[in-house]
Amino acid sequence: MIDPKLLRSDLEQVIANLARRGSNALDRDAFVNAEERRKTLQVETENLRKSRNESAKAIGMAKAKGEDIAPLLAAQKTAGETLANHEAELQSVTSQLQEIQLGLPNLLDADVPEGLSEDDNVEIRRWGEPAEFSFPVKDHIELGETLSGIDFESASKLSGARFAVLRGGIASLQRALIQFMLDLHINEHGYTEVYVPYLVQAPALEGTGQLPKFAEDLFRLEDERGFYLIPTAEVPVTNLVRDQILAADQLPLQFVAHTPCFRSEAGSYGQDTRGMIRQHQFEKVELVHVVAPDESAATLERLTAHAETVLQKLELPYRVVALCAGDVGFGAAKTYDIEVWLPGQQKYREISSCSNYRDFQARRMGARWRDGQGNKPELVHTLNGSGVAAGRALIAIIENYQQADGSIAVPAVLQPYLGGKAVISV
RNA sequence: GGAGAGAUGGCUGAGUGGUCGAAAGCGCUCCCCUGCUAAGGGAGUAUGGGUUAAUAGCCCAUCGAGGGUUCGAAUCCCUCUCUCUCCGCCA
């Protein structure tokens, strides 16, 4: 959520910032009207409560002295009805405002590039050179089928489109990748591994920003408890600090978690329908940071570097792009995407997205910290990034490490995880 | 799944329907005393919101959550959630 105080004190600045995204989510008149009603009603309601409280005390004291309290009670009853009306009205305005605010995307950082579509994203740097192949390159679909390692047909029998069954060396390769990434982040980047639920309830998803606006992207269980399948580990991991006031010496928190991710992909019909790029279920290693506010900008750079290290160690060519205003996700203030080279598509494709949410999620979750200087608690900043998406990393390895005979060379850093195996073949 | 107990401030733990945002203890902060240490004395110490130039005052709300009864609820009633104990079942 955007700071409600900022909405009141400098609405024009907020509107201008949201306009950079191409968003007109904030209806100025509707907001101003609701806010004015809220203000009037809240003051009136509180004053009514004040006099209700005072009268109730007076009645108590009169009763203690044995005086006749009947007339006082009658007056109080009428006042109580007026109060109840005010409270109901205030409640309705408040939830109206709340609804408006939950629907607003985050404010963008000043250095987010202008632009409305992904064409305006700005490449920041490249690492590695796409390899030259001395034979016709195949994509992961063909390679996977040849190796009997990726089986879309079986998956569709079980679950329909956008699922894959992995077998043999390819399945092991994905597991090795996950293990490698976890170890890297734990041992070299100082993350704490967490294991979290894959089913969460609505408040957690509201905390990170998927709800109420993006319900159609989620899978929901037909269960009276209202479970949702997590679309990313960001949801359960970031919500670990929900409703907490952290001490200064507890920050920064750096969590890494491997989880499956579940996405309905409603509205992505026709996109990446072939292959493993866009699936309903995929594996991901996620990095989450909870930091003091003045650390978050620098943390985004470190977080991105941690994800890049994965690709460097796997020797996969990639580039980093800064998402432009229109492409930055709902809750993020700034995002870097890491795109890995896919020879089969002759394109860079997203394999990680690293974002600074600033206090957007923290405000929704009530995640705060004390600076230790005796000041009041203030909101923490949260960040997250894929470190990296395992399914897509698997594709990248298959395509970049393919050999003339259709086998896949195993990247050196993964070989220890596969019992020293150097090649995956039929 | 069955039976029972519980949920109060950073922690422990009182609380009769009325002046209770809440005793007391511990912890913490500041001050005083004491030539180290130990001990002692005093003051302060929740969160959110409104108003405001103000992190000054003043006001409102909050005793697991949500409803209800009442002039008035931490206290009474209902529903839910979570925790603990016992039984059953299970990886």
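A note on names: the letters A, B, ... follow the listed sequences, proteins ahead of strands, and every chain is numbered from 1.
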Checklist entry - Considering only the P atoms, how many Å lie between B/rC33 and B/rG41, rounded to the nearest integer? => result 16 Å
Checklist entry - Which letters describe nucleotides 43-50 of chain B, given B = protein heavy atom under 4.0 Å from base, S = only from sugar-phosphate, - = neither? => result ----SSBS
Distances under 3.5 Å only, N/O to N/O: pair up the protein atoms with those of nucleotides 71-74 of chain B.
from   : atom 1 : to    : atom 2 : distance (Å)
B/rC71 : OP2    : A/K77 : NZ     : 3.3
B/rC71 : O2'    : A/Q76 : NE2    : 2.8

Checklist entry - Is A/R370 salt-bridged to A/E378, cutoff N-O under 4.0 Å? => result no
Next on the checklist: So for atom CD, which belongs to A/E153, do other residues, nucleotides or ligands contribute more than 12 heavy atoms lying within a distance under 6.0 Å?
Outcome noted: no
Item to check | Pairing of A/E399 and A/K138 as salt bridge, 4.0 angstrom limit | outcome: no
Checklist entry - Using Watson-Crick and G-U wobble pairs whose two distances are both under 3.5 Å, how do you write the pairing of RNA chain B as dot-bracket, with | for links to another strand? => result ((((((((.[[[..)..(.....]]]((((((.......))))))((((((.....)))))).[[[[[..)....]]]]])))))))....
Determine all donor-acceptor pairs shorter than 3.5 Å in which one atom belongs to a side chain in residues 416-426 of chain A; sequence neighbours excluded.
from   : atom 1 : to     : atom 2 : distance (Å)
A/Y417 : OH     : A/D183 : OD2    : 2.7

Checklist entry - Using a cut-off of 4.0 Å on non-hydrogen atoms, how would the nucleic acid contact of A/N47 be classed: base, sugar-phosphate, or nothing? => result nothing
Next on the checklist: Would you measure the distance from the P atom in B/rA39 across to the matching atom in B/rG48 and give it in whole Å?
Outcome noted: 35 Å
Item to check | Any residue meeting ring-ring contact (aromatic ring centres under 6.0 Å, His included) with A/F360, in chain and number order, not counting sequence neighbours | outcome: A/F330
Item to check | Evaluation steps, ring pair (Phe, Tyr, Trp, His ring centres under 6.0 Å), between A/H289 and A/Y191 | outcome: CA-CA 9 Å; A/H289 290 244; A/Y191 287 80; 5.2 Å; yes
Checklist entry - Under 6.0 Å between the ring centres of A/H258 and A/Y195? => result no
Next on the checklist: Going by ring-ring contact (aromatic ring centres under 6.0 Å, His included), name the residues that satisfy it together with A/Y318, two or more places apart in sequence or in a different chain.
Outcome noted: A/W127
Next on the checklist: Looking at A/N106 and A/G331, would you say the former's side chain and the latter's main chain have a donor-acceptor pair under 3.5 Å?
Outcome noted: yes
